[in-house]
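Below, each value reflects all heavy atoms present in this structure, side chains not excepted, and no hydrogens, waters or symmetry copies. First the proteins, then the strands, lettered A, B, ... as listed; each starts at 1.
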Amino acid sequence: MHPIRQLKQTIIQLVKTMYNHDFNTEDLPLSPTRKEFSGDYTLVTFALTRAAKTSPDQIATDIGDRLVQDYPAIVSDYNVIKGFLNIDIQTALWVGYLEALSSNPLPAFPRLDERVLVEFASPNTNKPLHLGHVRNILLGWSMSKILDRAGYEVVRVQVVNDRGIAICKSMLAWQKFGGGSTPESSGIKGDHLVGDYYVRFEEEFKAEYSAWQTTPAAADLVKAAKDKSDPQKPPVSEEGFFKSYKNTYFNEASTLGAEAREMLIKWEANDPDIRSLWSTMNGWVYAGFQQTYDALGVTFDKSYYESQTYLLGRDLVDKGLDKKAFYRQEDGSVWIDLTDVGLDKKILLRSDGTSVYMTQDLGTAEDRYRDFEAKRMVYVVADEQNYHFQVLFAILKRLNAPYANGLVHLSYGMVELPTGRMKSREGTVVDADDLIQEVIKEAQAGAVDRGESGDIPPEELAEVYKKIGLAALKYHIIKVNPKRKMIFDPKESVDLQGHTGPYIQNAYVRIQSIFRKAGEPTSGSSLAGYDLQSGEKELLLALSEYADHIQQAAEQYDPSHVANYAYAIAKAFHKFYHEFSVLRAESELAREARLHISSVTAQILQDAMHLLGMEMPERM
RNA sequence: GGUCCCAUAGCUCAAUGGAUAGAGCAACUGCCUUCUAAGCAGUAGGUUGCAGGUUCGAGCCCUGCUGGGAUCACCA
């Protein structure tokens, strides 16, 4: 049994008999002793002053005395500093725990017989994936692994936005300027090829718009806007007017805009030629996305396509009307009033009877519940949509959806560059594929600089560089609390030293190297009588906390807890490695104990990294 | 303007209401004949945006303020 659990039970019992005060395991103020003090665990006694009717120091001393006297098998010693009771656990207990941990290093959570659906990635098919998607994908994947480990049955899904005006823009530009090019003929990855035509459309449109701005019709509009403008506010500039008029121009005057919209209408009318082109180009995109997903090592159980789900949700509107949860205005539009829960009124059906994004999300939720009957759904979506999800969840609650209480928006902050937000117009968007290539290249360059890859078989080198490079990139992103907006510095993302993925991999690699020379520890061997040293105990204590960190990550929907824990373990191991020799241990018992500690460390590190979506190389 | 989020070392980030707020990067010093130096040890760096409050105890909870961001479409 975990020493802290024994200690907790003992203290709870003791406090009950001494002061008639009830603690339970969760609220007992017992934590690992800070390293500047001596002891294993520290009990904070302030909470007991009322029940004990004496000073914190006195309480600490009294409890300490009783622990040492009555439970000598558990507690060996104690000291008291300003109301903090620092407790030393018997070394034999730690050694016994190491033996147990060695045969069973990974925490086993009970299976919950509860299904949770995790939605992430959510790409649009008109553009390749970029850095923002990478954060989303890493969070979603890692969250799904952590929930799985915490006992849930996990279903991974993505929602693909494969329809709408955006993909029509790509299609139109390809028709007009593509000259029949394909990923095969051009040698360009499919999603990039389609993205290139999206960019081409925007360029052509911009040129058309600029040309139009010199026409008399445009000049009239500018004049009208200037005449109408509020004299209190700064005057309308020509440039400012054209900037804000862009969308209106696209919808009302643009030739290209008209062609793109016509294409969308034809698509909705199932025009066979348009549908065929659409399928072909989306097919290129999916092949491209698949390559990126493969490179990142993620998979989905099911993909939902908006082309198949965008009409869903209408029946829910009827249901909501029947239940009087929604209401219809004179113009025929349907709304929900959420002002009583601090939100606004929200439209669900336009006056022309067409649905909006929210309607579709309602339908998709219902659809997925029919598919998987998951009472929990986690949406991994950037925090710019916080309000949308508040509203979505509130509506589903009002409709009494059976899964309404299990809805979670795993909201994460936008990824920014040191120069500010990524802007496609300014070409500062960091492409996912480029980024992956870059980090692998850097990992290789780093290894070549170091010149120590000699004993790695040449056929494994590429694989090792890939694992190192991807760990650098992924760890750099996943270590940050999701809620935070993060500044992504490409230079730092390829760092291989310090608080990085490769640093953690290196701890694992060092252990594997020891095992190649010393052999694995003998399973089930007795370590009884070993006098664990404080540096060894420090690592063991950290290892004992793995389950807590998984639990915390699962409860808070925050994989960064696991990431930071893995770093703490790697750091503790590197220190241990420097302080103690395994191969040249002073005794056979010490050697065996250290082999066990190393083995547990390696397995926990590998497992934690696996939960984060990273792989360990055997050598580096 | 309403609502929500954020503010910690030069930079990027940690810190279940507990002790003297920690890491990494960047800078500087040491340590490879010894299990992989992608490492270890050390120096330096802080009024946790500001002002109050609650508490035995506040970076964390409450109020106000300042600065930054998101959002508030019959867009998605």
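- Counting heavy-atom neighbours within 6.0 Å of A:Glu615 CD, excluding the residue itself, gives a total of 12 or less.
- A:Ser599 and A:Gln603 share a side-chain donor-acceptor pair at under 3.5 Å.
- Here, B:A58 and B:U8 have their C1' atoms 14 Å apart, quoted to the whole Å.
- By the 4.5 Å heavy-atom criterion applied to side chains, A:Glu618 and A:Glu460 are not counted as neighbours.
- The nearest pair of heavy atoms linking A:Val381 to A:His409 is O-NE2, 2.9 Å.
- Within the structure, every side-chain polar atom (N or O) of A:Arg591 is placed at least 4.0 Å from both OP1 and OP2 of B:C35.
- Using a 4.0 Å heavy-atom distance criterion, A:Ile487 is classed as a sugar-phosphate-only contact.
- Phosphate contact (OP1/OP2 of B:U20, side-chain N/O of A:Lys82, threshold under 4.0 Å): present.
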Bracket string, RNA chain B, 5' to 3' - pairs by Watson-Crick or G-U geometry under 3.5 Å, | interstrand: (((((((..((((....[...)))).(((((.......))))).....(((((..]....))))))))))))....

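- Figure legend: A:Lys479 and A:Tyr503 shown without cation-pi pairing, the cationic atom not lying both under 6.0 angstrom from the six-membered ring centre and within 45 degrees of its axis.
- Separating the P atom of B:U48 from that of B:A38 is a span of 38 Å, rounded to the nearest Å.
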What do the steps show when you test A:Ile504 against A:Met616 for side chain to side chain contact (heavy atoms under 4.5 Å, CB included), and what is the final call? CA-CA 9 Å; A:Ile504 298 168; A:Met616 291 294 197; 4.0 Å; yes

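- Here the separation of B:C32 from B:A44, taken at their C1' atoms, is 26 Å to the nearest Å.
- In A:Arg516, the CZ atom is crowded: over 12 heavy atoms of neighbouring residues, nucleotides or ligands sit closer than 6.0 Å.
- Phosphate contact (OP1/OP2 of B:C35, side-chain N/O of A:Arg594, threshold under 4.0 Å): absent.
- Side-chain N/O atoms of A:Arg484 include none lying less than 4.0 angstrom from OP1 or OP2 on B:C6.
- Judged by centroid separation below 5.5 Å and plane tilt below 30°, A:Tyr503 does not stack onto the base of B:A38.
- Looking at the side chain of A:His574, the nearest of the listed nucleotides B:C35, B:A38, B:G39 is B:G39.
- Atom CG of A:Leu343 is separated from atom C1' of B:G2 by 12 Å (rounded to the nearest Å).
- In the set B:A14, B:A23, B:C40, the nucleotide with an atom closest to the side chain of A:Lys35 is B:A23.
- Nucleotides B:G18 and B:U55 are separated by 12 Å at their C1' atoms, to the nearest Å.
- Nucleotides of RNA chain B nearest to A:Leu28 and A:Ile514 differ in position, and the one nearer the 5' end is that of A:Leu28.
- Only the P atoms considered, B:A41 is 10 Å distant from B:A23, to the nearest whole Å.
- Across B:A38, B:A19, B:A23, the shortest atom-to-atom separation from the side chain of A:Thr33 is found for B:A19.
- Aromatic pair A:Phe393/A:Tyr379: centroids less than 6.0 angstrom apart.
- Using the six-membered ring where Trp is involved, A:Phe205 and A:Tyr249 have ring planes that are tilted, between 30° and 60° apart.
- Stacking annotation: A:Phe46 is stacked on the base of B:G18 (ring centroids less than 5.5 angstrom apart, interplanar angle below 30 degrees).
- In this structure, B:C61 is classed as anti because its glycosidic torsion departs from zero by more than 90°.
- Contact annotation for A:Phe580: base contact, defined as any heavy-atom pair under 4.0 Å involving a base atom.
- Between A:Arg594 and A:Gln533 the shortest side-chain heavy-atom distance falls below 4.5 Å.
- Spacing between B:C56 and B:C35 at atom C1', rounded to whole Å, works out to 50 Å.
- Judged by distance alone with a 3.5 Å cut-off, a donor-acceptor contact links the side chain of A:Asn86 to the base of B:A19.
- Atom C1' of B:U63 sits at a distance of 29 Å from the matching atom of B:C13, rounded to the whole Å.
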Atom pairs, N/O to N/O, protein against nucleotides 27-31 of chain B, distance under 3.5 Å?
none

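- Look at A:Arg584 and you won't find any side-chain N or O under 4.0 angstrom from OP1 or OP2 of B:U34.
- Ring-plane geometry between A:Phe250 and A:Phe201 is classed as perpendicular, the angle between the planes exceeding 60 degrees on a 0 to 90 degree scale with a lower cut at 30.
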Classify every nucleotide of nucleotides 70-76 of chain B by which part a protein heavy atom approaches to under 4.0 Å, writing B for the base, S for the sugar-phosphate alone and - for neither, in 5'-to-3' order. SSS-BSB

Could you go through the salt bridge (Lys or Arg N to Asp or Glu O under 4.0 Å) check for A:Glu538 and A:Lys35 one step at a time? CA-CA 9 Å; A:Glu538 208 174 298; A:Lys35 64 170 180 274; over 6 Å; no

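- Mapping A:Leu30 and A:Gln512 onto RNA chain B by nearest heavy atom places A:Leu30 at the nucleotide closer to the 5' end.
- If you check every strand for non-hydrogen atoms under 4.0 Å, A:Phe37 touches a base.
- Residue A:Arg510 is classed as a sugar-phosphate contact, given heavy-atom separations below 4.0 Å to backbone atoms only.
- Going from atom CD1 of A:Ile59 over to atom CG of A:Leu85 covers 10.5 Å, rounded to the nearest 0.5 Å.
- Across B:A19, B:C13, B:G24, the shortest atom-to-atom separation from the side chain of A:Met486 is found for B:C13.
- Within the cation-pi definition used here (under 6.0 Å to the ring centroid, within 45° of the axis), A:Arg135 does not qualify as a partner of A:Tyr412.
- Distance noted for atom C1' between B:G39 and B:G46: 28 Å (whole Å).
- Heavy atoms of A:Val44 sit under 4.0 angstrom from at least one base atom.
- Between the side chain of A:Thr42 and the base of B:A19 there is at least one donor-acceptor pair of N/O atoms closer than 3.5 Å.
- Using a 4.0 Å heavy-atom criterion, one finds that A:Ile468 contacts the bases of the nucleic acid, with or without backbone contacts as well.
- Residue-level contact check: A:His561 touches the backbone only, with heavy atoms under 4.0 Å from sugar-phosphate atoms and none from bases.
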Carefully, step by step, assess A:Leu541 and A:Ile4 under the rule side chain to side chain contact (heavy atoms under 4.5 Å, CB included). CA-CA 10 Å; A:Leu541 202 145; A:Ile4 196 174; over 6 Å; no

